[in-house]
Novice: 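Structure provided below as structure tokens; questions to follow.
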There are 2 protein chains.
Amino acid sequence: MSTRRDTAARRAIAAELAEQQNFRTAQEIHADLKLKGASASLATVYRNLAAMAGTGDIDVVLKADGEALYRHCSQPHHHHLICRSCGKTIEVRSHHIENWLEEQAAEHNFYDTDHRVEMIGLCQICHETHSS
Amino acid sequence: MSTRRDTAARRAIAAELAEQQNFRTAQEIHADLKLKGASASLATVYRNLAAMAGTGDIDVVLKADGEALYRHCSQPHHHHLICRSCGKTIEVRSHHIENWLEEQAAEHNFYDTDHRVEMIGLCQICHETHSS
DNA sequence: CTATCTGCAAAGTCTTTGCACTTTT
DNA sequence: AAAAGTGCAAAGACTTTGCAGATAG
């Protein structure tokens, strides 16, 4: 699982990730593949996602309950604004933030730093729905 | 478990959290309590931590593998710089960041937002150790 | 043909829950 | 006593792993 052969399962998983814009759980990806006929076992989905995440091919974040969310690695460096109800994600970016983060790391003598900024809330639509 | 009675278990858990500065897992807290004689069942530890986190009495973050880390609620709002090797945590804070985050949320019409900023890297000590 | 990958099912972790019993109030 | 908390063990959810069979190179 360290190397990366071009298998049907891996292709299907990669395709599924490429097709969807939002973060998905391994379970969802597995279910979607099954629906589309291009099934792969849950174990295989996990193994491939882990491999892809390991090589940096895909992004991973953790939901509030600890479940992992995967998404195909995108664009330049950025962060997320996530709706806690519908899961909609908006990418945000700012040089200010990046700079500040790097300054902090340097100031405290940290090396090989990486960071993650996540904001969760209710998007307008869900907010309106909930308050009805 | 919604209200908060003054029980031995809750006191022991709160004391344990107050005593330690770093983030601990529920399992660790449970083990430590057992060692100190002031044991409480794992289920009780979880129930109390959940209750305390719910009322905002303690902070919760998720480890990379999804396990929850708890820590007695500290100071004002802040974020963390964590050593990926030894786990040392440094708290960082900045009005700039907070403001920027709020602006972003507002700009995208998000409500009831919360956010988390985490930086991980190697602290100086671990960096030196690793490169030997 | 050999190294890998996949499926399946069993096993592991962390966490939650049902229920009878105990402690608070 | 009534209400809330606790322990224990069973149950859940997500993820990992062992192993035989299938597949890529």
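Convention: sequence-line order gives letters A, B, ...; per-chain numbering from 1.
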Novice: Tell me if a side-chain donor or acceptor on Arg11(A) pairs with a main-chain N or O of Asp6(A) at a distance below 3.5 Å.
Specialist: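 The answer is yes, because a donor-acceptor pair under 3.5 Å joins these two groups.
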Novice: Do His79(B) and His115(B) pass the side chain to side chain contact (heavy atoms under 4.5 Å, CB included) test, and can you show the C-alpha distance, the side-chain angles, and the key distance before you say yes or no?
Specialist: CA-CA 10 Å; His79(B) 300 295; His115(B) 61 257; 3.2 Å; yes
Novice: Holding to side chain to side chain contact (heavy atoms under 4.5 Å, CB included), I want the full list of residues that pass it with His108(B), two or more places apart in sequence or in another chain.
Specialist: Leu81(A), Ile90(A), Val92(A), Gln104(B), Phe110(B)
Novice: Does Ser41(B) place a side-chain N or O at less than 4.0 Å from the phosphate oxygens OP1/OP2 of dC8(D)?
Specialist: no
Novice: Is the number of heavy atoms from other residues, nucleotides or ligands under 6.0 Å of Lys36(A) NZ greater than 12?
Specialist: yes
Novice: At a cut-off of 3.5 Å, list every protein nitrogen or oxygen paired with a nitrogen or oxygen from nucleotides 22-25 of chain C, distance to 0.1 Å.
Specialist:
| from | atom 1 | to | atom 2 | distance (Å) |
| --- | --- | --- | --- | --- |
| dT24(C) | O2 | Arg5(B) | NH1 | 3.1 |

Novice: May I ask you to test the Leu101(B)-Val117(B) pair for a side-chain heavy-atom distance under 4.5 Å?
Specialist: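 Yes, close enough: below the 4.5 Å cut-off.
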Novice: Give the angle between the helix axes at the two ends of the helix from dC1(C)-dG25(D) to dT25(C)-dA1(D), taking five base pairs at each end and rounding to 10°.
Specialist: 30°
Novice: Could you list the residues that satisfy side chain to side chain contact (heavy atoms under 4.5 Å, CB included) with Glu28(B), not counting sequence neighbours?
Specialist: Arg24(B), Thr25(B)
Novice: Looking only at heavy atoms, what is the nearest atom pair of Ala9(B) and Ala40(B), with distance?
Specialist: CB-CB, 4.1 Å
Novice: Round to a whole Å and report the spacing from CD1 of Ile13(B) to C1' of dT6(D).
Specialist: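 It works out to 10 Å between those atoms.
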Novice: Can you tell which of Met52(B), Arg5(B), Arg47(B) makes a side chain to side chain contact (heavy atoms under 4.5 Å, CB included) with Arg10(B)?
Specialist: Met52(B)
Novice: Could you pull out all residues at least two apart from Ser41(B) that satisfy side-chain hydrogen bond (donor to acceptor under 3.5 Å, both in side chains)?
Specialist: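 Ser41(B) satisfies side-chain hydrogen bond (donor to acceptor under 3.5 Å, both in side chains) with Thr44(B) once adjacent residues are dropped.
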Novice: Assess the side chains of Gln27(B) and Tyr46(B): does a donor N or O sit below 3.5 Å from an acceptor N or O?
Specialist: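 Gln27(B) vs Tyr46(B): donor-acceptor pair found between side chains.
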Novice: Going 5' to 3' along nucleotides 9-21 of chain D, which nucleotides have protein heavy atoms under 4.0 Å from the base (write B), which only from the sugar-phosphate (write S), and which from neither (write -)?
Specialist: -----SBBBB---
